[in-house]
Q: 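Provided herewith is a single structure, encoded as structure tokens, for subsequent inquiry.
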Amino acid sequence: MASNFERRLRRFGRTALHPDSLEFWQPLFKQLLDRFNYFAAERAKAQAPGHSVAIGFSEDIEYNAIARTDDEGDLIAISANVPVSLERAFNRALCFKSVMPFAGSLDEEHVDPEPVDPKDLVYGLSSNVPRIVPPNQIRSNLATLLTTIAMDFIFEHEMGHIWNGHTSFGNGLGISAYEEIEKTPDARISETEYQTLEMDADVFAGTAMTRERLLPQPWLPMITDWENKFGPGSTMLSLQMWAVYFSFRILDEAATLANVETRKHPPIYVRHFHVLGSWAAALSRRRGRDEKETYEMIRSITMGVEGAFACLTGREFDPAGITMAYSQQARDYVEVLLENWPRLRPQLDPLKRGGNLAPVTEL
């Protein structure tokens with residue numbers, strides 16, 4: 001008998017991942033699904049007792065994730081390709097000597113892997129590039145940890161679409177689901193509204209990530225420079241932010257504001273600043289962490305990911321997108337989204353599942 005998730009996803013024209021398929025990856029899928037269900041249950045307990053979300057993985061690869069509300073309630077489906085692609089990419093990145101050198105040295109005889117086409121990073125399930133893992137156990141453990149963190153963020157982003165009322169808002173316009181992949185925006189909602197909603201989901205996820213305090217791992221050395229410069233706990237916090245930006249970089253290469261009107265999401269560098277801005281504000285509120293110190297970590301983290309991406313793809317290191325994110329053009333673009341948010345927020349407020357929508361100043 002098909003599960004509630006399978007049946008509802010099939011009604012939507014999508015195929016749930018069969019439990020017996022992709023046997024090698026089943027432990028990863030199970031671990032992630034257990035985490036997602038736990039996060040959803042904890043949020044419901046705190047903000048809307050009795051609320052539930054049907055959560056699972058899909059075989060389809062033409063999208064990364066879907067958030068949907070139908071006549072039976074809320075649903076989140078994540079393409080099985082996403083955790084597989086990220087797990088492969090994190091492992092491959094950590095096979096390069098120059099990536100995260102603090103995570104244990106590699107043998108002198110070690111040879112960095114050959115660069116790969118970015119498409120082989122995005123579509124791990126169908127890639128012919130062999131899966132490799134670092135010979136160093138610390139790096140292998142770290143790849144697993146980073147994959148888990150990145151998937152936590154992707155799930156919380158989808159939760160943002162549901163909990164902040166985006167899916168119900170879309171239903172009222174005839175939009176059946178929010179699919180996280182770049183397609184031409186639906187004409188029933190403007191590109192600015194799409195991007196504003198994506199910004200709101202990013203902020204929701206960035207804030208949610210601060211609730212899960214990552215404890216130091218006994219196998220992972222602390223980064224002394226970061227701990228001294230940015231305060232205790234900066235190693236784990238930096239790794240969280242590194243993982244999220246890496247997933248952006250792997251799954252979405254768009255790094256320009258050119259033709260932004262054809263996109264559903266802000267460019268990745270601008271998205272990253274939305275996430276980190278909400279993250280910094282939440283850390284300041286919840287843990288008393290200095291926002292300035294948190295912001296100082298941004299450039300270091302972003303540069304580190306760009307270096308890893310250059311290694312993976314054999315490209316020259318290119319900080320142009322980072323420079324763009326600090327530009328007046330980017331600030332003007334964000335201002336447009338911020339001006340749009342007060343128009344959307346009153347429509348979303350009665351549709352939210354619980355909690356409070358972010359005020360404009362927090363975005």
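Note that the structure is a prediction, hence the values are computed from the model and not measured.
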Q: So, Thr210 and Arg285: side-chain donor and acceptor under 3.5 Å apart, yes or no?
A: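 No donor-acceptor contact under 3.5 Å links the two side chains.
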Q: For a side chain to side chain contact (heavy atoms under 4.5 Å, CB included) check, start with the C-alpha distance between Val116 and Arg92, then their side-chain angles and the critical distance, and finish with the verdict.
A: CA-CA 10 Å; Val116 298; Arg92 193 173 196 87; 3.5 Å; yes
Q: Go through the steps to decide whether Phe12 and Ile66 satisfy the test side chain to side chain contact (heavy atoms under 4.5 Å, CB included), and finish with yes or no.
A: CA-CA 11 Å; Phe12 183 53; Ile66 287 176; 3.5 Å; yes
Q: Could you state the interatomic distance from CG (Leu173) to OG (Ser168), rounded to the nearest 0.5 Å?
A: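 Here the interatomic distance stands at 11.0 Å.
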Q: Looking at Arg14 and Glu59, does any basic side-chain N land under 4.0 Å from a carboxylate oxygen?
A: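 No.
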Q: Testing the basics here: between Pro134 and Arg139, what is the closest heavy-atom pair and its distance to 0.1 Å?
A: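 For Pro134 and Arg139, the tightest heavy-atom pair comes out as CB-CB, 3.6 Å.
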Q: Specify the closest pair of heavy atoms between Pro113 and Cys95, including all atoms of both residues, with the distance to one decimal.
A: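 Answer, listing the atom of Pro113 first, then Cys95: CD-O, 3.5 Å.
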Q: Between Leu94 and Ala143, what is the shortest heavy-atom contact and its length?
A: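 For Leu94 and Ala143, the tightest heavy-atom pair comes out as CD1-N, 3.6 Å.
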Q: Rounded to the nearest 0.5 Å, how far apart are CG of Leu28 and CG of Leu86?
A: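 The distance works out to 9.5 Å.
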Q: Evaluate the side chain to side chain contact (heavy atoms under 4.5 Å, CB included) criterion for residues Leu75 and Ile55: first the C-alpha distance (whole Å), next the side-chain angles of each, then the deciding distance (0.1 Å), finally the verdict.
A: CA-CA 6 Å; Leu75 179 146; Ile55 305 165; over 6 Å; no
Q: Under a 4.0 Å threshold between the charged nitrogen and the carboxylate oxygen, would Arg35 count as salt-bridged to Asp152?
A: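 Looking at Arg35 together with Asp152, the answer is yes, because their closest N to O distance falls below 4.0 Å.
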Q: If Ile, Leu, Val, Met, Phe, Trp and Tyr residues are connected whenever their side-chain heavy atoms lie under 4.5 Å apart, and connections chain through other members, are Met303 and Phe90 in the same group?
A: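 Cluster IDs for Met303 and Phe90 match.
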Q: Using only atom types and a distance under 3.5 Å, with no angle test, would you say the side chain of Ser247 pairs donor to acceptor with the backbone of Val244?
A: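 Side chain of Ser247 to backbone of Val244, a donor-acceptor pair under 3.5 Å: yes, one is there.
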Q: Hey, what do you get for CD (Glu158) to OG1 (Thr167), rounding to the nearest 0.5 Å?
A: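 Nearest 0.5 Å value for the CD-OG1 distance: 10.0 Å.
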Q: Do Ile132 and Leu312 belong together in a cluster built from hydrophobic side chains that touch within less than 4.5 Å?
A: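 No.
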Q: With no hydrogens and no angle check, is any side-chain donor or acceptor of Asn81 less than 3.5 Å from a backbone partner on Val122?
A: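 Present.
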Q: For the hydrophobic clusters of this structure (ILVMFWY residues joined by side-chain heavy atoms under 4.5 Å, transitively), does one cluster hold both Phe204 and Ile149?
A: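 Same hydrophobic cluster.
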Q: Output yes when Asp349 and Arg345 qualify as a salt bridge under the 4.0 Å nitrogen-oxygen rule, no when they do not.
A: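 Looking at Asp349 and Arg345, the cut-off is not met.
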Q: Count the heavy atoms belonging to other residues, nucleotides or ligands that lie under 6.0 Å from CD of Glu114, then report whether that count exceeds 12.
A: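 Check fails, neighbour count at 12 or below.
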Q: Main chain of Pro101, side chain of Ser105: is a donor-acceptor contact present, judged purely on distance under 3.5 Å?
A: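 Such a contact is absent between Ser105 side chain and Pro101 backbone.
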Q: Return the CH2 to CG distance between Trp341 and Leu197, rounded to the nearest 0.5 Å.
A: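 Taking CH2 in Trp341 and CG in Leu197, the distance rounds to 7.0 Å.
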Q: Determine, stepwise, if the pair Asp71 / Arg11 fulfils salt bridge (charged side-chain N to carboxylate O under 4.0 Å, His left out).
A: CA-CA 11 Å; Asp71 56 359; Arg11 282 176 56 195; 3.2 Å; yes
Q: Should Arg68 and Asp74 be marked as a salt bridge (charged side-chain N to carboxylate O under 4.0 Å, His left out) after you check the CA-CA gap, both sets of side-chain angles, and the distance that decides it?
A: CA-CA 6 Å; Arg68 170 175 166 80; Asp74 296 322; over 6 Å; no
Q: Using the rule given for side chain to side chain contact (heavy atoms under 4.5 Å, CB included), can you reason through Leu220 versus Phe102, listing the C-alpha separation, both sets of side-chain angles and the distance that settles it, and then say yes or no?
A: CA-CA 9 Å; Leu220 181 66; Phe102 70 89; 4.0 Å; yes
Q: Would the distance check show the side chain of Lys352 and the main-chain N or O of Ile162 forming a donor-acceptor pair, the cut-off being under 3.5 Å?
A: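 Looks like no, no N/O pair under 3.5 Å.
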Q: Do any N or O atoms from the side chain of Glu87 and from the backbone of Thr147 form a donor-acceptor pair under 3.5 angstrom?
A: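 Side chain of Glu87 to backbone of Thr147: no pair is present.
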Q: Can you tell me if Thr192 and Gln195 form a side-chain donor-acceptor pair at under 3.5 Å?
A: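 No, no side-chain donor-acceptor contact under 3.5 Å.
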Q: Would you say the side-chain atoms of Asp120 pair up with the backbone N or O of Val129, donor to acceptor, closer than 3.5 Å?
A: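 No.
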Q: With no hydrogens and no angle check, just 3.5 Å: does a side-chain donor-acceptor pair link Asn340 and Thr196?
A: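 Yes, Thr196 and Asn340 have a side-chain donor paired with an acceptor closer than 3.5 Å.
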Q: Spell out, as yes or no, whether a donor-acceptor pair under 3.5 Å connects the side chain of Asn164 to the backbone of His166.
A: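 Here the side-chain-to-backbone pair does not exist.
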Q: Test Arg8 against Asp70 for salt bridge (charged side-chain N to carboxylate O under 4.0 Å, His left out), laying out the working first.
A: CA-CA 9 Å; Arg8 290 172 61 189; Asp70 58 26; 3.0 Å; yes
Q: Tell me if a side-chain donor or acceptor on Glu227 pairs with a main-chain N or O of Gly233 at a distance below 3.5 Å.
A: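 The answer is yes, because a donor-acceptor pair under 3.5 Å joins these two groups.
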Q: Is it possible for you to say whether Val133 and Phe96 belong to one hydrophobic cluster, with membership spreading through side-chain heavy-atom contacts below 4.5 Å?
A: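 No, because Val133 and Phe96 fall into different hydrophobic clusters, even though each may have its own neighbours under 4.5 Å.
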Q: Under 6.0 Å between ring centres, would you say that holds for Phe36 and Phe29?
A: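 Aromatic pair excluded; centres sit 6.0 Å or further apart.
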Q: Do you know which two heavy atoms are closest between Phe153 and Ala205, and how far apart they sit?
A: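 Between these two residues, the closest heavy atoms are CE1-CB, 3.3 Å.
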Q: When rounded to the nearest 0.5 angstrom, what is the spacing between CH2 in Trp219 and OG in Ser140?
A: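 Between Trp219 CH2 and Ser140 OG, I get 9.0 Å after rounding to 0.5 Å.
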Q: Go through it in stages, so that I can follow the logic: the residues are Ser58 and Asp60, the test is side-chain hydrogen bond (donor to acceptor under 3.5 Å, both in side chains), and I'd like the CA-CA distance, side-chain angles, deciding distance and then a yes or no.
A: CA-CA 5 Å; Ser58 167; Asp60 308 278; 2.5 Å; yes
Q: With no hydrogens and no angle check, is any side-chain donor or acceptor of Thr235 less than 3.5 Å from a backbone partner on Met222?
A: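 No, because the side chain of Thr235 does not come within donor-acceptor range (under 3.5 Å) of the backbone of Met222.
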Q: Between Gln240 and Tyr245, do the side chains contain a donor N or O and an acceptor N or O under 3.5 Å apart?
A: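 Not at all, the side chains of Tyr245 and Gln240 share no donor-acceptor pair under 3.5 Å.
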Q: Side chains of Leu145 and Met236, heavy atoms from C-beta outward: is any pair under 4.5 Å?
A: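 With C-beta onward as the side chain, the pair touches.
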Q: Any non-hydrogen side-chain atom of Pro135 less than 4.5 Å from a side-chain atom of Leu106?
A: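 Side-chain contact under 4.5 Å: yes.
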Q: Using atom types as modelled and distance alone, determine if a side-chain donor or acceptor of Asn171 lies under 3.5 Å from a backbone N or O of Thr69.
A: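 Such a contact is found between Asn171 side chain and Thr69 backbone.
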Q: Looking only at heavy atoms, which two atoms of Pro83 and Ile78 are closest? And how far apart?
A: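 Taking Pro83 first and Ile78 second, the nearest heavy atoms are CD-CG2, 4.5 Å.
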Q: Both conditions, 6.0 Å and 45 degrees, for the charged tip of Arg249 above the ring of Phe246: are they met here?
A: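 The answer is no, since Arg249 fails at least one limit relative to Phe246.
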Q: Output the distance between atom CG (Leu146) and atom CE (Met100), rounded to the nearest 0.5 Å.
A: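 So the CG of Leu146 and the CE of Met100 are separated by 5.0 Å.
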Q: Does the side chain of His157 pick up a donor-acceptor pair with the side chain of Glu198 at under 3.5 Å?
A: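 A donor-acceptor contact under 3.5 Å links the two side chains.
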Q: Mind checking whether Ile61 and Phe5 sit in one hydrophobic cluster, side chains of I, L, V, M, F, W, Y counted as touching below 4.5 Å?
A: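 No, it is not one cluster - the side chains of Ile61 and Phe5 are not joined through contacts under 4.5 Å.
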Q: What is the minimum heavy-atom distance between Gly165 and Arg353, and which atoms define it?
A: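 It is CA-NH1, 4.4 Å.
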